[in-house]
Amino acid sequence: MAKTAREYRELLLAGRWFQGLPAGFQDRLLDGAVTRSVPAEGRLFARGDAPDGLYAALSGSIRVVGLSESGKEAVLAVVEPPQWFGEIAVFDRLPRTHDAIASVETVVLHVPSATLDSMLGENPAWWRELGLLVTTKLRLAFVVMEDMALLPLLPRVARRLVLMAEGYGEWSDRSARVVKVSQEILAAMVSSSRQSTNQALKELESRGLIKVAYGEIEILDLGALRSAAQSQ
C-alpha cells in the first residue's frame, strides 16, 4: 500500500528548507499533497507545460534538463530526496522552463497549484518561506555559472560532486557517501564531453578522493574533494 504524504514527514524534515518552515506550513503542505510515481525515464513535466504546483522528491531522482531539437540533454540539476522543486512557476505563473525526467523509478510529493494558492491566500507570510527556497536555488545557480566561467574541468567536476554529496545545501546534518550519477549525466552537468569528464574522474580517483562505479560515484574523502574543487 502506498504511503500517505504525512508518512514522509521524517524524510522531509531531513531537508533544511522544510525543517525551517513554521509547523503550520509543514502541516498544510503535507495535508494538501498527494504522492505520485514516475517510471524510469518518465517525464514529470515538460518545458512549456502550464504550472501545476510544487514538488518534493521522496525516492529515486529527477534530472532537470533542457533538450535540443536533436534530443541532446543539458542537465541543470539532479533532484534527490528530500529536495523541493518547481517553485519558480508558483511565483510567476508562467510555463515550465525545463523538462523534469525521472532517472530511475521515482516517487514525488505534489502540492497542486489550487491547494497551494488557498493556503498562501490564508497565510500570506508563508510566501516568504517559498521565497527562501527560490533564493537558495539562485545562489547555487550563481556558483555554478561562476564555475563554468572560471574553473578548469577537474575542479568543476569536483565542485559538482561536492554539491551533489551535500544535497545542494539542502541536507542540514549529513552528506551522501555515494552520489547516484552516471558519467554521461555528470559530463552534461559540467558542460564537457564524456571522455574529458572521465579523465577528470580518473585523476580524482587516483588521488584516493572518489571511487567510480557503474551509475554512481563513491566519495572517499569529502574534505579533500572540497579542496580539489577550489584549485585553479
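Position 1 is the first residue of the sequence; numbering continues from there.
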Are Asp27 and Arg6 ion-paired here, with the side-chain N under 4.0 Å from a carboxylate O? yes
All side chain to side chain donor-acceptor pair (under 3.5 Å) counterparts of Glu105, not counting sequence neighbours: none
How close do Gln83 and Val78 get, counting heavy atoms only, and between which atoms? OE1-O, 3.7 Å
Around atom NZ of Lys180, are there more than 12 heavy atoms from other residues, nucleotides or ligands closer than 6.0 Å? no
What's the spacing between Met148 CE and Leu153 CG if we round to 0.5 Å? 9.5 Å
Shortest non-hydrogen contact between Lys3 and Thr35, atoms and distance: O-OG1, 3.7 Å
Flag side-chain contact, heavy atom, 4.5 Å: Val90 against Val134: no
Exercise: identify the closest heavy-atom pair between Ile219 and Ala165: CG1-CB, 4.2 Å
Side chain of Gln19, backbone of Ala14: donor and acceptor closer than 3.5 Å? no
Side chains of Gln199 and Ser196 only: does a donor on one sit below 3.5 Å from an acceptor on the other? no
Parallel, tilted or perpendicular: rings of Tyr55 and Phe45 (30°, 60°): tilted
Polar side-chain atom of Arg160 near backbone of Val144 as donor-acceptor pair, under 3.5 Å: no
Treating Thr136 as the side-chain partner and Leu132 as the backbone partner, does any N or O pair qualify as donor plus acceptor under 3.5 Å? yes
Lys/Arg N to Asp/Glu carboxylate O, Arg156 vs Glu146, below 4.0 Å: no
Is there side-chain contact between Phe85 and Leu44, with heavy atoms separated by less than 4.5 Å? yes
Is there a donor-acceptor pair closer than 3.5 Å between any side-chain N or O of Arg47 and the backbone N or O of Thr97? yes
Using modelled atom types and a 3.5 Å cut-off, is there a donor and acceptor pairing between side-chain atoms of Glu122 and backbone atoms of Met119? no
Given 3.5 Å as the limit, does a donor-acceptor pair link the side chain of Ser59 with the main chain of Val107, or not? yes
Is a side-chain donor or acceptor of Thr135 paired with a backbone partner of Gly131 at a separation under 3.5 angstrom? yes
For the backbone of Phe91 and the side chain of Trp127, can you confirm whether one donor and one acceptor N or O come within less than 3.5 Å of each other? no
Expected output: side-chain Arg63 to main-chain Ala77 donor-acceptor under 3.5 Å: no
For the pair Glu205 (side chain) and Val212 (backbone), establish whether a donor and an acceptor sit closer than 3.5 Å, ignoring hydrogens and angles. yes
